[in-house]
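Heads up: the structure comes next, in structure tokens.
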There are 2 protein chains.
Amino acid sequence: MSKQADPDVAACCAPIAARPLGPDQAAVIAPLFKALGDPIRLRLMSMIASVPEICVCDLTPAFDLSGPTISHHLKVLREAGLVDADRRGTWVWYRVRPEALRQLGALLEITAAAGEGRPA
Amino acid sequence: MSKQADPDVAACCAPIAARPLGPDQAAVIAPLFKALGDPIRLRLMSMIASVPEICVCDLTPAFDLSGPTISHHLKVLREAGLVDADRRGTWVWYRVRPEALRQLGALLEITAAAGEGRPA
DNA sequence: CGTCTAGCTTGACAGACATCAAAACAGCCG
DNA sequence: CGGCTGTTTTGATGTCTGTCAAGCTAGACG
């Protein structure tokens, strides 16, 4: 376990609207959004984020999908660095990585510089 | 122009971590994240969000991609409801839809309920 | 009307992705 | 050890996506 890509958090902090993202920063951040860009993964993410931690055995039955498919989606979230998992005895427990969530949230903040002050 | 899907903003407001997203809400929101899940689109989005509005003719030369490809990505952003566009004379101008950005930002906020209070 | 420029649409194609079945792996318990 | 449950990996398959070339539309300008 515990094998998730560390997405070089330092590369991005300021909101998307503060100044244009460079190609490198975009290449680092886009995969995080992509990981959330699937309804199943978004629900998984929100289920995991709603509690301190949660067992795969509680996630799988919430979907009309095979076990391997859920496992695949969890792996995507893991490799994006959005969640963390470890096995405890028979079961595997997932929890969210708050930094990653916070980082994305900060990116979407709308600052004074943004398209807010537009007339129409 | 001005043909973007209106993603039923009412369906979601509270952070992802507040409570699990229902399948319907996830189906509405995931496409927004998906639209941001491509490096090119993320850069386009950030370029558009950095100024009140911007002409396609200023976006295209920033990338090593054909015009049609940029146009395709802009269409994806448009149909996701993240940006808005209209033609003014010869040029087409894009601007961000602040509500959409704000909505996504709110979703990623980490509230007291989240995985924060975990011991290790 | 004719033509030029800016941008979009269509068609085609290679690569990526979601899904499942089958097999493998990790712990428990008899 | 041998079987049992829970989870991940592998392989195969159909669908989706990013890209470009070629063709098309909208407006400006004679």
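Throughout, protein chains are lettered first and strands after them, A, B, ... in sequence-line order, and every chain is numbered starting at 1. Keep in mind it's a predicted model, so treat the numbers as computed, not measured.
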Enumerate, atom names and distances included, each donor-acceptor pair closer than 3.5 Å involving a side-chain atom of residues 55-66 of chain A, sequence neighbours excluded.
| unit_1 | atom_1 | unit_2 | atom_2 | d |
| --- | --- | --- | --- | --- |
| Thr60(A) | OG1 | Val56(A) | O | 3.2 |
| Ser66(A) | OG | Thr69(A) | N | 3.4 |
| Ser66(A) | OG | Thr69(A) | OG1 | 2.9 |

*Compare side-chain N and O positions of Thr69(A) against OP1 and OP2 of dT19(C) and report whether any pair is under 4.0 Å apart.*
no
_Side chain of Ser66(B) only, heavy atoms from C-beta on: which candidate in dA21(C), dC20(D), dC8(C) is closest?_
dC20(D)
*Whole Å only: how far is the CG atom of Leu59(B) from the C1' atom of dC8(C)?*
15 Å
*Tell me: CG of Leu65(B) to P of dT19(D), nearest whole Å?*
5 Å
*Would one find a side-chain N or O of Lys75(A) under 4.0 angstrom from OP1 or OP2 of dT9(D)?*
yes
*asked:* Tell me the interatomic distance from Leu44(A), atom CG, to dT7(D), atom P, rounded to whole angstroms.
replied: 13 Å
*Following the transitive rule for hydrophobic clusters with a side-chain heavy-atom cut-off under 4.5 Å over Ile, Leu, Val, Met, Phe, Trp and Tyr, establish whether Val92(A) and Leu77(A) coincide in one cluster.*
yes
*asked:* Is there a side-chain contact between Tyr94(B) and the phosphate of dG7(C), meaning an N or O under 4.0 Å from OP1 or OP2?
replied: no
_Separation of atom CD1 in Ile40(B) from atom P in dT17(D), rounded to whole Å_ = 17 Å
*For Asp86(B) and dC8(C), give me the distance from atom CG to atom P, rounded to whole Å.*
11 Å
*dG18(D) C1' sits how many Å from Leu77(B) CG, rounded?*
14 Å
*Is Leu104(B) reachable from Val76(B) through a run of hydrophobic residues whose side-chain heavy atoms are each under 4.5 Å from the next?*
no
Protein-nucleic acid N or O pairs under 3.5 Å, nucleotides 15-17 of chain C:
| unit_1 | atom_1 | unit_2 | atom_2 | d |
| --- | --- | --- | --- | --- |
| dC17(C) | OP1 | Lys34(A) | NZ | 3.0 |

_Phosphate-side-chain proximity, His73(A) and dT19(C), N/O vs OP1/OP2 below 4.0 Å_ = yes
*In Å and rounded to the nearest 0.5 Å, what is the CE to CG distance from Met45(A) to Leu107(B)?*
11.5 Å
*Using the rule that two of Ile, Leu, Val, Met, Phe, Trp, Tyr join whenever any of their side-chain heavy atoms come within less than 4.5 Å, decide whether Leu32(A) and Ile40(B) are in one cluster.*
yes
*First locate atom CD1 of Ile48(B), then atom CZ of Arg97(B), and finally report the distance between them rounded to the nearest 0.5 Å.*
12.5 Å
_Member of Arg78(A), Arg41(A), Arg43(A) meeting the side chain to side chain donor-acceptor pair (under 3.5 Å) criterion with His73(A)_ = Arg41(A)
*Can you check side-chain contact (heavy atoms from CB on, under 4.5 Å) on Leu42(B) and Ile16(A), steps first, answer last?*
CA-CA 9 Å; Leu42(B) 192 55; Ile16(A) 236 185; 3.6 Å; yes
*Round to a whole Å and report the spacing from CZ of Arg43(B) to P of dG18(D).*
16 Å
*Supply the atom-to-atom distance Leu74(B) CG to Leu82(B) CG, rounded to the nearest 0.5 angstrom.*
11.5 Å
Between protein and nucleic acid, restricted to nucleotides 24-30 of chain D and to nitrogen or oxygen atoms under 3.5 Å apart, what atom pairs and distances do you find?
none

*asked:* Tell me the interatomic distance from Leu42(B), atom CG, to dG18(D), atom C1', rounded to whole angstroms.
replied: 16 Å
